[in-house]
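I have a structure I would like to understand better, so I am pasting it below and will then ask my questions one at a time.
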Amino acid sequence: MATRNRTALFRKYRTALQQVRPASASTSAQGAVVELSNAPLLRGAASGYNRLSTVDVDGSREGVVSVGLPPPWVDVSEEVAIDMQKIRSKMGELAKAHARALMPTFDDIKGKGQEHNIELMSQDITRLLKKCEQKLRQLSQDRGHSEDMKLRVNVQRSLATDLQTLSVEFRKHQKGYLQRLQQQQQQERASITASYERGKEDEFYDPGFNEQQMSRLKKAEVLSEEREKEVQQIMESVNDLAQIMKDLSTLVIDQGTIVDRIDYNVQQVATSIEQGVRELEQAERTQKKGDMVFCVMVLIALCVFMICVLIFKKLVL
Amino acid sequence: MVLVAAVRDYVSKMLSDIAGMKVFVLDAQTLAIVSVATSQSELLQKEVFLVEKAESTSSEPMTHLKAVCFLRPTAENMQNLKEILGQPRFGEYHLFFSNILKTNFVQNLADFDQHEAVQQVQEFYADFIALDPYHFTLNTPSNHLYMVPLLFDPTKIQPLCERIIEGVSSVFLALKKRPVIRYSRNSEIARRIAQDAARLMYEQEAALFDFRRTEVLPLLLIIDRRDDPVTPLLNQWTYQAMVHELIGIQDNKVDLREYSRVPKDQQVVLSSEQDPFFRSNMFENFGDLGMNVKKMVDTFQSQHKSNQNIQSLEDMARFVENYPEFRKMQGNVSKHVALMTEMSRLVDERKLMSVSQAEQELACHSSQAAALDELNVQWELPGVTDDEKLRLAMLYALRYERENPQQLQELVDRLNAGRSKYNSNLLYSLLKQAGEEKRTGDLFSNRDLFNRARTMARGLKGVENVYTQHQPLVFHLIESIAKGRLKDADYPFVGNHAQQGKPQDVVIFIIGGTTYAESRVVALQNAANPGTRVLLGGTVVHNSKSFLRDLEEVQRVGRASIY
């Protein structure tokens, strides 16, 4: 696709015109030009922070645009972004831990440590997700100007979409782990029953091994009970996430619907502002009318009263 | 994807190079251009957190945002920019214009930018509304002016001509091609536009259009709506065309507020990019469409039932996981069902089945007596509205204008007697504009012996579906172009260009507006012949109501000053 850059020509004209223009004082006292120290990318995907290009502090140039500090809610949104980055890295670690735990081991003690570790990490991630979600809600709490509000809502939506995808991914990981665990469980059970049955056949030939097999069976039962507990815990965390998902779904835009259309959103702002103006005008009018009607009523009452007094006077005389 | 992809690429190029939180400033037309190509969620992904109109009078400064302005280079926007740049609200301004900037524009811009807020000024040629991959429109206001003779009021017609040339040239710049231009012989405005476009591409901005030449140059064919007045008058039975005919689609949005009682479905989006069901059904006829919608509803219902049958924790987990998909499907299903219901209701109410059959007969077969009888029968049916009666009369007039002028007068009188909401002289107006001698090309395929034989053969073979028999003129044009046999006599070249061989890229521009029926033809032809790629564009997208409205406007203009 073809494009054409006119910036060079534009700059040439601009400098030429500036030299011709008479020197005039800057129009508004914009105060000191604030250098913007941090304007980080909300994405935070590549690497944290990026500096906005600052404007010249050169005093000789007049009417320089001062780049001000962003409002405080931007900090909240940045925190959410940083948290999401943390969640992503933790999920990577968790995936590795899952893989390690699923590998067949012969050492029970190590196995327990691993499971504990996994549980801790999962709980950590769930906690972070909840925290992010709460902070997101905070973003649209205090009502500001309508424009700032629109901006905030959009930032909120974008972060909510990301958060939702993250939580869905997390749940998929957990579910996958769960399924594989269950498979292993079933395999173990099957192998136990198979070996038990094999053991039964061997009975005629070697009754001595019976006891050993009983103890093995008991151990296997204990193991499977533990595994079931694990499964239960993971289920619970899945349900926690479900709650978060539900809350987020109100914030996220459904793609492909009318709400996802840019012109629809622009119109909404316009119509709501228009409506607001109209309502204000209407209120003004009714208020004025109210006052007027009241005055008129009072005057009429007074007139009637005076007429009565007159008549009364005439009658008396 | 071609046209939509081009606009999307431009928009993403504009936004990706600039880091940080951004505001997107658009005017009314670029808003439409951007809205059909990309969505709000995609903008949010690119960190565009606010979209504003250029005329916005808000004065709240938000200097932590960078403004990306995508505007058309018009005088009105220059005024808006003067105000915007006089008191910059945002930290930086990046200006992108959708078409070529004249040098004095750049000068004025430089003059306005006293605060040096502007960081770049670029031309990104996305100056058309890409409705579908092969169909674009310009949404020009006062479209009826194309029917007014050029000498009548040159100043009024000038903006329309300019807009058309800007739109068409931006399509070619977006595709990086420079075409050979042909136009419809009998149309004055087509010739004017073709010549102006050639001057722009080959003389004024020759350097800009100097792209790599292919073996066979691409073709730009400029024709007039009046060459084929039949297609907009016919009732349509394929999904997209039918929705536009009965309800109305504007920039891929359908407004159901007057129709549906379900508040959620008040405005819906029918975009082939975003809706896979629509993409696979937009050219299907009503019957097949009904079956497909039923299938979709059945799938949805079965999933709904399984969702209600949650027994274990696992089921619950699965439900929650699939919930976003489910919700999307629900929205989609309800949208299509609502549209189908509305259209079914309208078809029954207005007896469109039988009226449309008569229309197709009029358009495709030629037996005058039978046609007249059929017309009379249809007029007598209860529930047939004035629109339908007028359309039938017009189709009759277009086909049999020579054969029996008395009958025509009789029809006009009967229309008058029936107190139609339309001025019955509209019929004569139509003939004056688009009568046989005004048209180029062979609309009814009855001008020469070969075509007549071919139609007779087709008629004998029988048709698949009586309601979709009619093929727009564009169909025949594409066939001729693909075979390299487009007649020079009817469609001359501009200047001394000539074309050897069959062009692989063709853009057909219809001055006066396209219809969705024609865009369907183009899409189907592109699918069937991958060797030739045809794009279709027009000033607006017509349905029968808008076409009749244009005729009324022209009639009013004509009466206001006799021409």
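These figures come from a predicted structure and were not determined experimentally. Convention: sequence-line order gives letters A, B, ...; per-chain numbering from 1.
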### Task
Name the region of B/Asp251, side chain, backbone, both or neither, that has any atom closer than 4.5 Å to a heavy atom of chain A.
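For B/Asp251, backbone and side chain are both near chain A.
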#### Entry: Heavy-atom pair with the smallest gap, counting every atom of A/Ile262 and B/Thr38
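Heavy atoms of A/Ile262 and B/Thr38 come nearest at CD1-O, 3.6 Å.
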### Message
Please classify the contact between B/Tyr10 and chain A as side chain, backbone, both or neither, with a heavy-atom cut-off of under 4.5 Å.
### Response
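Contact with chain A involves both backbone and side-chain atoms of B/Tyr10.
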### Query
Quick one: what part of B/Leu175 sits under 4.5 Å from any heavy atom of chain A, side chain, backbone, both or neither?
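Neither part.
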### Query
Side chain, backbone, both or neither: which part of B/Gln274 has a heavy atom under 4.5 Å from chain A?
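Just the side chain, heavy atoms under 4.5 Å.
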#### Entry: Gap between atom OG of A/Ser77 and atom CE of B/Met21 - 0.5 Å precision
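Between B/Met21 CE and A/Ser77 OG, I get 6.5 Å after rounding to 0.5 Å.
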### Message
Between B/Lys253 and A/Asp263, does the salt bridge (charged side-chain N to carboxylate O under 4.0 Å, His left out) criterion hold? Intermediate values first, please.
### Response
CA-CA 10 Å; B/Lys253 278 189 303 185; A/Asp263 45 10; 3.6 Å; yes
#### Entry: Top contributor to chain A contacts, counting heavy-atom pairs under 4.5 Å, from B/Gln122, B/Lys328, B/Glu123
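Most heavy-atom pairs within the cutoff with chain A belong to B/Glu123.
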#### Entry: Distance-minimising heavy-atom pair for A/Thr7 and B/Gln119
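Closest approach of A/Thr7 to B/Gln119: CG2-O, 3.5 Å.
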### Message
For B/Val106 versus A/Phe10, what's the shortest heavy-atom pair and its separation?
### Response
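Here B/Val106 and A/Phe10 meet closest at CG1-CA, 3.8 Å.
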### Query
Does the A/Arg261 side chain pair with the main chain of B/Val269, one donor and one acceptor, at a distance under 3.5 Å?
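Flag not set: sc A/Arg261 to bb B/Val269 has no pair under 3.5 Å.
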### Query
For B/Ser271, is it the side chain, the backbone, both or neither that has a heavy atom under 4.5 Å from a heavy atom of chain A?
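B/Ser271 has no heavy atom closer than 4.5 Å to chain A.
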### Query
How far apart are the closest heavy atoms of B/Tyr125 and A/Ala2, and which atoms are they?
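That closest heavy-atom pairing would be CD1-O, 3.1 Å.
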### Task
Give the member of B/Ser39, B/Ala126, B/Pro61 that has the highest number of heavy-atom pairs under 4.5 Å with chain A.
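With the most close heavy-atom pairs to chain A, the winner is B/Ser39.
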### Query
Highest number of heavy-atom pairs under 4.5 Å with chain B: which of A/Thr161, A/Thr3, A/Leu9, A/Val168?
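Looking at each of A/Thr161, A/Thr3, A/Leu9, A/Val168 in turn, A/Thr3 comes out on top.
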### Query
How far does CD of B/Gln107 sit from CG of A/Leu17, to the nearest 0.5 angstrom?
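So the CD of B/Gln107 and the CG of A/Leu17 are separated by 7.0 Å.
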### Query
For the residue pair A/Leu151 and B/Met62, what are the closest heavy atoms and their distance?
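What the structure gives for the nearest pair is CD2-SD, 3.9 Å.
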### Message
Quick check on B/Gln87: does its CD atom have over 12 non-hydrogen neighbours (other residues, nucleotides or ligands) under 6.0 Å away?
### Response
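Counting neighbours around CD of B/Gln87, 12 or fewer heavy atoms of other residues, nucleotides or ligands fall under 6.0 Å, so no.
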### Query
Can you tell me how far NZ of B/Lys53 sits from CD of A/Gln267, rounded to the nearest 0.5 angstrom?
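If I round to the nearest 0.5 Å, the distance is 7.0 Å.
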### Query
Does the side chain of B/Ile100 reach to within under 4.5 Å of the side chain of A/Arg4, using non-hydrogen atoms?
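Heavy-atom side-chain distance check passes, below 4.5 Å.
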### Query
Measuring heavy-atom distances to chain A, does B/Val48 have an atom under 4.5 Å in its side chain, in its backbone, in both, or in neither?
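Neither part.
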### Query
For B/Val23, is it the side chain, the backbone, both, or neither that has a heavy atom closer than 4.5 Å to a heavy atom of chain A?
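For B/Val23, neither part sits under 4.5 Å from chain A.
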### Task
Check whether B/Asp111 gets within reach of chain A through its side chain, its backbone, both or neither, counting any heavy atom under 4.5 Å.
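The answer is both parts of B/Asp111.
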#### Entry: Point-to-point distance, once rounded to the nearest 0.5 Å, from OG1 of B/Thr103 to OH of A/Tyr13
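So the gap between those two atoms works out to 5.5 Å.
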### Query
Are any non-hydrogen side-chain atoms of B/Phe24 and A/Val266 less than 4.5 angstrom apart?
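Counting from C-beta outward, B/Phe24 and A/Val266 never come under 4.5 Å.
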### Query
Once you round to the nearest 0.5 Å, how far does CG of B/Leu43 lie from CZ of A/Arg157?
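One finds 12.0 Å between CG of B/Leu43 and CZ of A/Arg157.
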### Message
Restricting to non-hydrogen atoms, name the atom on A/Asn154 and the atom on B/Phe49 that form the minimum distance, rounded to 0.1 Å.
### Response
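A/Asn154 and B/Phe49 have their closest heavy atoms at ND2-O, 2.6 Å.
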### Message
At a heavy-atom distance under 4.5 Å, which candidate from B/Leu208, B/Asn252, B/Asn332 has the highest pair count against chain A?
### Response
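Going by pairs under 4.5 Å, I would pick B/Leu208.
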### Task
Select, from B/Asp113, B/Leu26, B/Val51, the one with the greatest count of heavy-atom pairs under 4.5 Å involving chain A.
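Option with the top pair count is B/Asp113.
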### Message
Does any backbone or side-chain atom of B/Leu95 lie under 4.5 Å from a heavy atom of chain A? Answer side chain, backbone, both or neither.
### Response
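Neither part; nothing is under 4.5 Å.
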### Task
Spell out, as yes or no, whether a donor-acceptor pair under 3.5 Å connects the side chain of A/Asp260 to the backbone of B/Ser41.
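Yes, the answer is positive, given that a donor and an acceptor are paired below the 3.5 Å cut-off.
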